[in-house]
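Okay, structure first, notes after.
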4 protein chains.
Amino acid sequence: MHAVALEAFAERGYHGTSVPQILEAAGVSASSLYRLFPSKEALVNAVFLEAKTRLGHALAEVEGHDAADADRDPASVAHARFVRIWDRLARFAAEEPVTFRFLELQDHTPYLDGPSRTKELSVLAPLALTCMDLQRRGVLRTDVGVDVMLATLWGALVGLVKASRLGYLALDADKLAEAREALWRGFASTEPIADARTRRATRTNEGTKRRTER
Amino acid sequence: MHAVALEAFAERGYHGTSVPQILEAAGVSASSLYRLFPSKEALVNAVFLEAKTRLGHALAEVEGHDAADADRDPASVAHARFVRIWDRLARFAAEEPVTFRFLELQDHTPYLDGPSRTKELSVLAPLALTCMDLQRRGVLRTDVGVDVMLATLWGALVGLVKASRLGYLALDADKLAEAREALWRGFASTEPIADARTRRATRTNEGTKRRTER
Amino acid sequence: MHAVALEAFAERGYHGTSVPQILEAAGVSASSLYRLFPSKEALVNAVFLEAKTRLGHALAEVEGHDAADADRDPASVAHARFVRIWDRLARFAAEEPVTFRFLELQDHTPYLDGPSRTKELSVLAPLALTCMDLQRRGVLRTDVGVDVMLATLWGALVGLVKASRLGYLALDADKLAEAREALWRGFASTEPIADARTRRATRTNEGTKRRTER
Amino acid sequence: MHAVALEAFAERGYHGTSVPQILEAAGVSASSLYRLFPSKEALVNAVFLEAKTRLGHALAEVEGHDAADADRDPASVAHARFVRIWDRLARFAAEEPVTFRFLELQDHTPYLDGPSRTKELSVLAPLALTCMDLQRRGVLRTDVGVDVMLATLWGALVGLVKASRLGYLALDADKLAEAREALWRGFASTEPIADARTRRATRTNEGTKRRTER
DNA sequence: CATGAATGAGGTTTCATTCAT
DNA sequence: CATGAATGAAACCTCATTCAT
């Protein structure tokens, strides 16, 4: 039910999908659906919540550090972390294209209810925290706001997937990696990174806003 | 009429907008509309065509070179060109938010007709040509496909605007510049640029690029 | 079950009450109801039958004569009997407002079945007999038909209760008594009542009917 | 449209009447109806308003005094006035049985809007004023509240009409007159009426509650 | 026995579109 | 030309009822 509604909404959008279309695809009667969900809007919210939750799970393990991390060059570790984030997102887009497409639909806003909006934020949060952490450690530039990074990152991925769907692009692992490295170059700090022992001292008092190096 | 329909579609999408809604907003009668457009679909295509055309115009002069360009450092010239492209797009998004939002809507596809799809491609084309040109001249990296660059670029802008609309971000000229520079760093070649007169070997310490593979 | 359905029907009428509403109010499942009653219509008939029966019971003892009656002035006895009838009805309306309201609903007719209609008549019958008896005894006027009396009596009570429910009237014992006495004056014979032995001879000169305007 | 809806609602009640039933009876399409009335509820309110207005008109001329009135016995004049009121109502019930039946439906309340409720009151008002006037002039008893009189009067008429519809009664002019005279006897003062010049002095300080005559 | 799940028919309302005027 | 009135189809949703469990 969720799945079939997700697919329908992803394909044609909320307004473009009629309840009967969903019913037929699911092979159930109207009343069966309406016993589960009080309205079409409740259905799309349930679908949205589930989709966001899956996206959240896809990102959840980003923070896991390899055991070997401690021994390696901090810049490498940070890059690997970035790679992990991007690849999770990319994997999600590749493995759950329908879910991704649904989430990527513009402007769910008018019909999303409170819980859905809350969820939306809660999925983004860990990503934002990670970026802030990397910034604090001098790995990511501080002259690019975290908000800008996230919007750019997600936007870029969405753009790639959409271009691929429209046939402007044959998206594969290579192309995803190209974009990922480009973004990394755009976001990563160019200063040498102090190692773990001295970092804190030297990075104190970094202006939190852009243009520090100018 | 166009303007009113554009606004309605941008606000609620094609399927979310009813003909009566447009009629009321425009203050005309159904028959008046149907004399101009044979159907709702024809209307949205006309609107789309016009919107894309305006976007095309916004990009059209990107290729104009300042008279001073010839005298300057090729890298600077290239960067300036990139800045021009981005700023045109950003300006378009800022000055015609409704049009931008409309174009940014996912999946016009199902109801776009032939001319509209053709137009879609024709607007992107000059941008692609510019990128390819810059690549050939060694200003943009060749290890990032032009298709990837364009998708990333446009996607990033869309992502920023959308984040701004949802309140995750207060988009202003500074933030747009942050994103632009990040993308430039991601796309720009780090090798010295061979140009007709000089080849400058000034770039040192690119540092972060692809050091993962060591 | 009966009670719950009665309340629902009284509140919103037969057509205005859905089976699910009743189910929820009763806290039972559809199947439970349908094992007891074959259909919604059967349910409302059962409810109707029970309600009419209760009304019948409320009127049943009207005919009981106080032991003292025999000793008193016949007019007083008759008046007391009338008071008893009215007060029974009024008490019923006061003590079972929901049932009263249900019965008072216009036009059960379309969905009442045979037994229900039979019951309807059987409840009215004793009242009619009483009135006819009183008429025969010269206590009630003979220039007002028993059918008119009953319809007026019941209609007046319904009107009072309805006016009260709509807030046009604060119905209490006093107001009920006002109406009762007014009706009594309207229905009671003005001639002195001969006792049982001479009554028949004196009943000449019906007179007053429709000649008031002289 | 109004007429056909009125008939349908009068026949089966608001909830018992489906929009398609009205449409078919009126021979129009759903959209035609919905261009005139935003909803079924708006329709029933419009119908109600019109019906009450017609009832109001039926009562409007009650107050007209015959030229001859001044010369006649005050009690006769008052009685004639009462007759006029009743006969207007009865005529309305007879000439517009459908409208009468519609208005008589219990508990429009849940779906009536503001204007409808206001109208309901405004129709009753002149009748109430007349009764109060008659009371003040010593024609109607003061030991029966005006509210009680009105509720009784209207209720009695409704009761008669309903009994007639259900076949308990063959309502004709005679029976209507019987009921009318009975009510008159119930409501009319039994004291001799002082003429216009002395009335005010003698009727001062009448107890407003019942049992004056006891 | 009692229930949760199911359903076809039908409820009210809106849509995209047409056409006489 | 422009409009108000009209319409069939379809939208979302609820109803009275049934049946496997």
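To find a chain, count down the sequence lines: A is the first, B the second, and so on, and within it residues start at 1.
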Q: Take His57(B) and Thr53(B) through the side chain to side chain contact (heavy atoms under 4.5 Å, CB included) test and state the conclusion after the steps.
A: CA-CA 6 Å; His57(B) 287 339; Thr53(B) 301; 3.6 Å; yes
**Q.** Neighbours of DNA chain E within residues 30-40 of chain A, by heavy-atom distance under 4.0 Å
**A.** Ser31(A), Ser32(A), Arg35(A)
**Q.** side chain to side chain contact (heavy atoms under 4.5 Å, CB included), paired with Leu6(C), selected from Glu11(C), Arg54(C), Glu96(C)
**A.** Arg54(C)
Q. What pairs with Glu120(A) under salt bridge (charged side-chain N to carboxylate O under 4.0 Å, His left out), at least two apart in sequence or on another chain?
A. Lys52(A)
(Q) Ring centroids only, cut at 6.0 angstrom: are Phe37(D) and His2(D) within range, meaning strictly under it? (A) yes
**Q.** Derivation of the side chain to side chain contact (heavy atoms under 4.5 Å, CB included) call for Val158(D) and Phe100(D)
**A.** CA-CA 9 Å; Val158(D) 168; Phe100(D) 186 82; 3.9 Å; yes
Q.
For a quick test of reading the model, state the closest non-hydrogen atom pair linking Leu112(D) to Asn45(D) and the distance between them.
A. CA-OD1, 3.3 Å
Q.
Students often mix this up, so state it plainly: with edges at 30° and 60°, are the rings of Phe9(D) and Tyr14(D) parallel, tilted or perpendicular?
A. tilted
Q: Identify whether the distance between the nearest side-chain nitrogen and carboxylate oxygen of Glu104(D) and Lys162(D) falls below 4.0 Å.
A: no
(Q) Of all nucleotides in DNA chain F that come within under 4.0 Å of a heavy atom of chain C, which is furthest toward the 5' end and which toward the 3' end? (A) dC15(F) to dC19(F)
Q: Might you point out which heavy atoms bring Leu49(C) and Ser116(C) nearest each other, and give the distance in Å?
A: CD1-CA, 3.5 Å
Q) If pairs are Watson-Crick or G-U with both distances under 3.5 Å, what is the dot-bracket string of DNA chain F, marking crossing pairs with [ ] and pairs to another strand with |? A) .||||||||||||||||||||
Q. What closest approach, in Å, do Thr17(B) and Ala8(B) show between heavy atoms, and which atom pair accounts for it?
A. OG1-O, 3.1 Å
Q: Kindly state each residue pair satisfying side-chain hydrogen bond (donor to acceptor under 3.5 Å, both in side chains) with at least one member in residues 29-38 of chain D, sequence neighbours excluded.
A: none
Q. Checking side chain to side chain contact (heavy atoms under 4.5 Å, CB included) for the pair Leu55(A)/Thr99(A): CA distance, chi angles, key distance, verdict?
A. CA-CA 9 Å; Leu55(A) 175 59; Thr99(A) 307; over 6 Å; no
Q.
Expected output is a numbered-order residue list: members of residues 12-28 of chain B with a heavy atom under 4.0 Å from any atom of DNA chain E. What is it?
A. Thr17(B), Ser18(B), Val19(B), Pro20(B)
